Amino acid sequence: PSRDAGGAPPHPKSTLAATSTVEEFFASGLMQVDGHQVLVVPHSEPIASVLAQLHTKRLGSCIVTSQTGQQEPFDCMDFGVYLLEVVLLNPGGSRPTLEDWVATKRKLRRIATEPVRKALRTERRRSPEASRG
């Protein structure tokens with residue numbers, strides 16, 4: 001994209017919203033990839049694998065591609081929120097006690113093997129109970 005006199009990309013002509021596609025964000029210039037490779041992972045990729053790739057490549061986010069080809073950004077904030085939802089909330093909604101540490105460790109191990117799609121914002125909004133199991 002062209003840049004203004006100060007070197008900044010021009011403002012997008014259309015308004016972006018949470019429902020905008022990843023392609024619209026790239027086209028707007030808000031998600032810059034100048035010379036950098038963008039990590040794109042399938043929705044079934046285990047969360048531990050995605051986080052390892054982000055760490056190795058020193059990235060803060062990636063793009064997750066669904067079965068239908070739709071793409072959605074995933075970042076460390078998505079992971080953090082998902083982790084807290086799964087670990088801190090029991091099925092009944094009560095907070096765990098120190099005696100629940102064995103169950104917490106089991107949940108953490110399960111999270112590492114779950115597909116990254118479960119941690120996406122849209123998936124959590126659609127099915128909050130499924131992420132707590």
Side-chain angles (χ1 to χ4, degrees):
S2 62
R3 298 190 179 268
D4 67 15
H11 291 288
K13 293 187 185 343
S14 64
T15 303
L16 296 172
T19 57
S20 299
T21 66
V22 173
E23 291 81 11
E24 290 170 326
F25 277 91
F26 280 128
S28 74
L30 290 175
M31 292 178 73
Q32 293 296 312
V33 293
D34 299 335
H36 298 287
Q37 183 179 9
V38 175
L39 176 62
V40 179
V41 297
H43 67 97
S44 57
E45 186 83 16
I47 291 174
S49 171
V50 173
L51 294 175
Q53 291 177 66
L54 290 172
H55 176 74
T56 300
K57 296 177 183 193
R58 296 181 182 263
L59 298 172
S61 62
C62 66
I63 304 297
V64 178
T65 304
S66 71
Q67 272 185 312
T68 63
Q70 183 177 353
Q71 295 185 316
E72 184 174 346
F74 171 81
D75 60 22
C76 294
M77 184 62 85
D78 292 318
F79 174 69
V81 169
Y82 181 68
L83 179 68
L84 290 173
E85 286 175 354
V86 173
V87 172
L88 292 182
L89 293 178
N90 291 325
S94 63
R95 301 250 179 233
T97 63
L98 289 176
E99 292 79 35
D100 293 328
W101 179 238
V102 172
T104 301
K105 289 192 296 186
R106 192 172 35 251
K107 288 178 183 179
L108 290 171
R109 288 185 188 109
R110 187 188 78 223
I111 288 170
T113 62
E114 288 182 340
V116 68
R117 73 175 170 268
K118 291 186 83 174
L120 293 173
R121 282 180 217 122
T122 54
E123 182 70 20
R124 289 194 321 270
R125 270 188 247 125
R126 196 177 355 212
S127 173
E129 297 81 29
S131 66
R132 294 182 188 143

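Treat the numbers as computed from the prediction; the structure is a model and nothing was measured. This chain uses plain numbering: 1 for the first residue, then up along the sequence.
A 4.5 Å side-chain heavy-atom check between Val41 and Phe74 finds every atom pair outside the cut-off. Leu51 has its side chain out of reach of Val116: every pair of non-hydrogen atoms, C-beta onward, lies at least 4.5 Å apart.
Scanning all heavy atoms of the two residues, the minimum distance from Pro46 to Ala112 falls at CB-O, 3.8 Å. Nearest heavy-atom pair, Leu39 versus Lys57, reported as atom, atom and distance to 0.1 Å: CD1-NZ, 3.9 Å. For the residue pair Asp75 and Gly60, the shortest heavy atom distance occurs at CB-O, 3.3 Å. Counting all heavy atoms, side chain and backbone alike, Pro115 lies closest to His43 at CB-O, 3.4 Å. Nearest heavy-atom pair across Val50 and Cys62 is CG1-SG, 3.9 Å.
Rounding to the nearest 0.5 angstrom, the gap separating the OG1 atom in Thr65 from the CZ atom in Arg117 is 13.0 Å. Rounding to the nearest 0.5 Å places CZ of Phe79 at 13.0 Å from CG of Leu120. Between the CD atom of Gln67 and the OG atom of Ser44 there is a distance of 8.0 Å, given to the nearest 0.5 Å.
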### Message
Could you walk me through whether Ile47 and Tyr82 satisfy the side-chain contact (heavy atoms from CB on, under 4.5 Å) test, starting with their C-alpha distance in whole Å, then the side-chain angles of each, then the deciding distance to 0.1 Å, before giving a yes or no?
### Response
CA-CA 11 Å; Ile47 291 174; Tyr82 181 68; 3.8 Å; yes

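Shown here are the side chain to side chain donor-acceptor pair (under 3.5 Å) partners of Thr68, two or more places apart in sequence or in another chain: Ser66. For Ser49, the side chain to side chain donor-acceptor pair (under 3.5 Å) partners two or more places apart in sequence, or in a different chain, are Glu45, Gln53. Among residues two or more places apart in sequence or in another chain, the side chain to side chain donor-acceptor pair (under 3.5 Å) test is passed with Gln70 by none.
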